Amino acid sequence: MRILLVEDERKMARAIRRGLEQEGYAVDVCADGDDAVVRGIENDYDAVVLDVMLPGRDGFSICRELRDRGRWAPILMLTARDAVEDRIRGLDAGADDYLVKPFAFGELLARVRAMVRRGRPERPAKLTVDGVVLDPATHTVRCDETPIDLTPKEFSLLEFLMRHPDEVLSRPRILEHVWDMHYEGFSNVVDVYVSYVRRKLAPPYDRTLIRTVRGVGYLVGTP
């Protein structure tokens, strides 16, 4: 397993590198944000341990760019700042975990092992299909760079569909995930809300983003 360690404090970097190598990991170390982006894009790492405060650019920016470039190695962010807002910002940028300094090395190691076990599935911070961009963190939707105003339930429906591109989703499955098991409203609620979202993505955008698969359900992506 190959790990990228991005840490500008030399003593901290040496200690983490030594500990990881003793556990059998191969470790590349860099102390500069711009260098971290280059290495993260050019190399296929199994995990990234990323400090937030770095010269050149901060860890949030690095994490966001790696995700935007399609690099899905799990990222553990390290920071001396324990503010809830910082943890939220890091996770919304695409990080998988967050560890506050000072920490026990055993905990860092356990978190790295857990991330590596989960693998590297694609999990972009923003969802994009056919020119429609949905950002769960800011709860916004844009179509060809134009903001689209959706209600919370419309947003949840579109997000669920966009998280499963090219997959036909049945009405019961959509109902189960977007509403809940206790929903007792009208039976065609999924069809009604799909029509709401379609109308908002229709003229002038000329989008048929959500397609009907007759007798089954709905599909976002390739027909």
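Being a predicted model, the structure only gives us computed values, none of them experimental. Values below: all heavy atoms of this structure, side chains included; hydrogens, waters and symmetry mates excluded.
- Using a 4.0 Å cut-off between a side-chain N of Lys or Arg and a carboxylate O of Asp or Glu, R199 and E154 do not qualify as a salt bridge.
- Salt-bridge annotation for E85 and R89: absent, with no side-chain N of the basic residue lying under 4.0 Å from a carboxylate O of the acidic one.
- Criterion: ILVMFWY side-chain heavy atoms under 4.5 Å apart, direct or through other members. Under it, V133 and V141 are not part of a common hydrophobic cluster.
- In terms of hydrophobic clustering, with Ile, Leu, Val, Met, Phe, Trp and Tyr side chains grouped at heavy-atom distances under 4.5 Å, L91 and M53 are assigned to different clusters.
- A salt bridge between E65 and R57 is present, with a side-chain N of the basic residue lying under 4.0 Å from a carboxylate O of the acidic one.
- Counted by atom type alone, D86 and Y98 present zero donor-acceptor pairs between their side chains at under 3.5 Å.
- Between R171 and D191 there is a salt bridge, with a side-chain nitrogen of the basic residue lying less than 4.0 Å from a carboxylate oxygen of the acidic one.
- Other residues sharing the hydrophobic cluster of V84, ordered by chain and number and joined by side-chain separations under 4.5 Å: I88.
- Taking a cutoff of 4.0 Å between a charged side-chain nitrogen and a carboxylate oxygen, D28 and R2 qualify as a salt bridge.
- D35 has a carboxylate O that lies under 4.0 Å from a charged side-chain N of R39, or vice versa, which qualifies the two as a salt bridge.
- Taking the charged nitrogens against the carboxylate oxygens, D68 and K126 have no contact shorter than 4.0 Å, which rules out a salt bridge.
- Side chain to side chain, T138 and D135 meet the donor-acceptor criterion of an N or O pair below 3.5 Å.
- A side-chain donor-acceptor contact under 3.5 Å links R198 and T212.
- Classification of R173 and E167 as a salt-bridged pair holds, one side-chain N sitting under 4.0 Å from a carboxylate O.
- L5 CG to D51 CG: the interatomic distance, rounded to the nearest 0.5 Å, is 9.0 Å.
- One N or O on the side chain of R67 and one on the backbone of G94 form a donor-acceptor pair closer than 3.5 Å.
- Looking at D58, its side chain does come within 3.5 Å of a backbone N or O of F60 through a donor-acceptor pair.
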